[in-house]
Amino acid sequence: MSFIIFGQAISTVQVLTGIVILLAITVIVLFIRGKARAEDDALDTEHTMAALLRSQAEMQGRLATMAEVFGSRQAELNQAIGQRLDGMSQRVTATIGEQTRSTHENLRRLQERLAVIDAAQTNIQTLAKDVVGLQAILSNKQTRGAFGQARMETIIADGLPMGAYAFQATLSNGSRPDCTVRMPNGSPPLVIDAKFPLEAWNAIRSAASPEHGKIAAQQFRRDLELHIRDISEKYLIPGETQDTAFLFVPSESIFAEIHENFEAIVQKAQRARIVIVSPSLLMLSIQVIQAVLKDQRMREQAHVIQSEVAHLMDDLSRLDERVRKLQGHFAMAQKDVDMIVTSADKLARRGERIEALEFEAAKEPAKARAEERPKPVDNRTSQLKLRVVDED
């Protein structure tokens, strides 16, 4: 038993020793492997570090290159941005300057228009005052008649000469028309009346309703018919005045309204031989009368004109006779001048021959004869002069 137990104990120790040895061997192996692995890891780490260092150097080079590229690109970008900003600032400055000039021009035009508007407003105010004054004048019957009378007198005085018309002349029946115009050929004068019933017309204009307008129109028709009857009875005098008279309306608009809306009154006035005239028609009639008067004066002075024409023809005949005499004197003088020119031409040719010494060939015989008779030279000169006179 003890041997077995001892044997078992020995085997256990052996087993344990084997286990320890195995463990030691294992540890040694593991240590050797770990050391080898550590060496391999160190080598790998060194390789990795070298690769990292190379990568870092490459990265630094690339970063430097990129930094340089980015620097140049940034400089170009800054330059381009600066140029664009300069161009934009110039365009903005030019645009602002142009807008400023345009604003100043618009303000100047606005000021001019405002000045025109102010002037127009002043004119409108003045016109309003004049209209108020005209309304005050037309509201009074006497002042209204004076207004129409003044306008009619202005037209007559501008169109006819003095003495061809008369204002407020008294007729045989004691009536005094506003104007009488002298007619040609001893015809009776033409009567012009400047009184116009304007109260009813103003009532038509100021009517508040159609019924009031109808009533005012009826009143205006009655007043105008009464005025036409008065003109026909007072101013149409047979043998003293024309058988037609003028009723002067001092407004073109009223004249048009009468002919458009009161045609029956116009026809009644025509049957009564009363012609309703506006300022333009009165002016035209005055111009026609002036032309007729001028033609009459021309016919009256026809014998004077004929006498003056006869005197003019006598003066023309005398002038023609004297001109013909003067023409004969000029012809004679021209003939004398031609003869003088002919003599002058001959003298010039004779002088040229003398200057050219045409007698040079007979020089020696002339000298011999001169020695014998010294005076014939003078005689030759005198003969030459006589020949020239004879030839002249």
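Quick caveat: nothing in here was measured; it's all calculated off a predicted structure.
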Cluster overlap Leu85 with Leu77, hydrophobic side-chain contacts below 4.5 Å = yes

key: Euclidean distance, Asp178 CG relative to Phe246 CZ, rounded to 0.5 Å   = 14.0 Å

task = Give the minimum heavy-atom separation between Asn173 and Lys234, together with the two atoms involved.
result = ND2-O, 2.8 Å

task = Using the ring pair (Phe, Tyr, Trp, His ring centres under 6.0 Å) rule, collect all pairs that involve residues 255-298, keeping only residues at least two apart or in two chains.
result = Phe220-Phe262, Phe255-His259

key: Where Arg182 and Gly163 come nearest, the two heavy atoms and their spacing   = NE-O, 3.5 Å

query = Any side-chain heavy-atom pair from Gln121 and Asp118 closer than 4.5 angstrom?
reply = yes

query = Are more than 12 heavy atoms from other residues, nucleotides or ligands located less than 6.0 Å from atom CZ of Arg84?
reply = no

ask   = Do other residues, nucleotides or ligands put more than 12 heavy atoms under 6.0 Å from Glu68 CD?
value = no

request  = Could you tell me which non-hydrogen atom of Ile192 sits nearest to which non-hydrogen atom of Met152, and how far apart they are?
outcome  = CG2-CG, 4.1 Å

ask   = Within the distance-only criterion (no hydrogens, no angle test), does the side chain of Glu240 pair as donor or acceptor with the backbone N or O of Leu171 below 3.5 angstrom?
value = no

ask   = Between CD of Gln290 and CE of Met283, what distance do you get to the nearest 0.5 Å?
value = 12.0 Å

inquiry  = Would Glu58 and Arg54 count as a salt bridge (charged side-chain N to carboxylate O under 4.0 Å, His left out) here? Give the steps.
reply    = CA-CA 6 Å; Glu58 292 177 359; Arg54 286 194 300 272; over 6 Å; no

ask   = Between Ala245 and Ile231, which heavy-atom pair has the shortest distance, and what is it?
value = CB-CG2, 4.0 Å

Smallest separation among heavy atoms of Leu236 and Ala272, with atom names = CD1-O, 3.6 Å

query = Do the side chain of Ser89 and the main chain of Asp86 share a donor and acceptor less than 3.5 angstrom apart?
reply = yes

ask   = Going through the distances and angles, do Glu153 and Cys179 end up as a side chain to side chain contact (heavy atoms under 4.5 Å, CB included)?
value = CA-CA 8 Å; Glu153 289 180 358; Cys179 180; over 6 Å; no

Interatomic distance, Phe330 atom CZ to Arg324 atom CZ [nearest 0.5 angstrom] = 15.5 Å

Pairwise side-chain contact, Asp230 with Asp193, heavy-atom cut-off 4.5 Å (strictly under) = no

task = Give the intermediate values and the outcome of salt bridge (charged side-chain N to carboxylate O under 4.0 Å, His left out) for residues Glu105 and Arg101.
result = CA-CA 6 Å; Glu105 182 67 21; Arg101 289 192 297 272; over 6 Å; no

ask   = So how far is it from Lys335 NZ to Asp338 CG, rounded to the nearest 0.5 Å?
value = 9.5 Å

remark   = Residue pairs meeting salt bridge (charged side-chain N to carboxylate O under 4.0 Å, His left out), one or both in residues 251-271, sequence neighbours left out, come to Glu225-Lys268

ask   = Side chains of Thr241 and Thr180: does their closest heavy-atom pair fall under 4.5 Å?
value = no

message = I'd like to know if the side chain of Ser232 and the backbone of Ile228 have a donor-acceptor N/O pair within less than 3.5 Å.
response = no

request  = Working to the nearest 0.5 Å, report the span between CG of Leu247 and NZ of Lys195.
outcome  = 10.5 Å

ask   = Between Ser251 and Pro279, what is the shortest heavy-atom contact and its length?
value = N-CD, 4.1 Å

query = In the single-linkage hydrophobic clustering (I, L, V, M, F, W, Y; side-chain heavy atoms under 4.5 Å), do Ile215 and Ile258 co-cluster?
reply = no

inquiry  = side chain to side chain donor-acceptor pair (under 3.5 Å) for Gln219 and Arg222? Distances and angles first, verdict last.
reply    = CA-CA 5 Å; Gln219 183 64 36; Arg222 286 193 297 269; 2.7 Å; yes

ask   = What do the steps show when you test Val116 against Glu112 for side chain to side chain contact (heavy atoms under 4.5 Å, CB included), and what is the final call?
value = CA-CA 6 Å; Val116 172; Glu112 292 178 356; 5.5 Å; no

ask   = Which residue pairs pass the ring pair (Phe, Tyr, Trp, His ring centres under 6.0 Å) test with at least one member in residues 152-184, sequence neighbours excluded?
value = Tyr165-Phe167

ask   = Taking Asp320 for the side chain and Leu316 for the main chain, is one N or O donor matched with an acceptor at less than 3.5 Å?
value = no

request  = Side-chain contact test, heavy atoms from C-beta onward, threshold under 4.5 Å: evaluate it for Gln270 versus Val275 and give yes or no.
outcome  = no

ask   = So, Ser102 side chain and Glu98 main chain: donor-acceptor pair closer than 3.5 Å or not?
value = no

ask   = What distance separates Leu282 CG from Ile156 CD1, expressed to the nearest 0.5 Å?
value = 4.5 Å

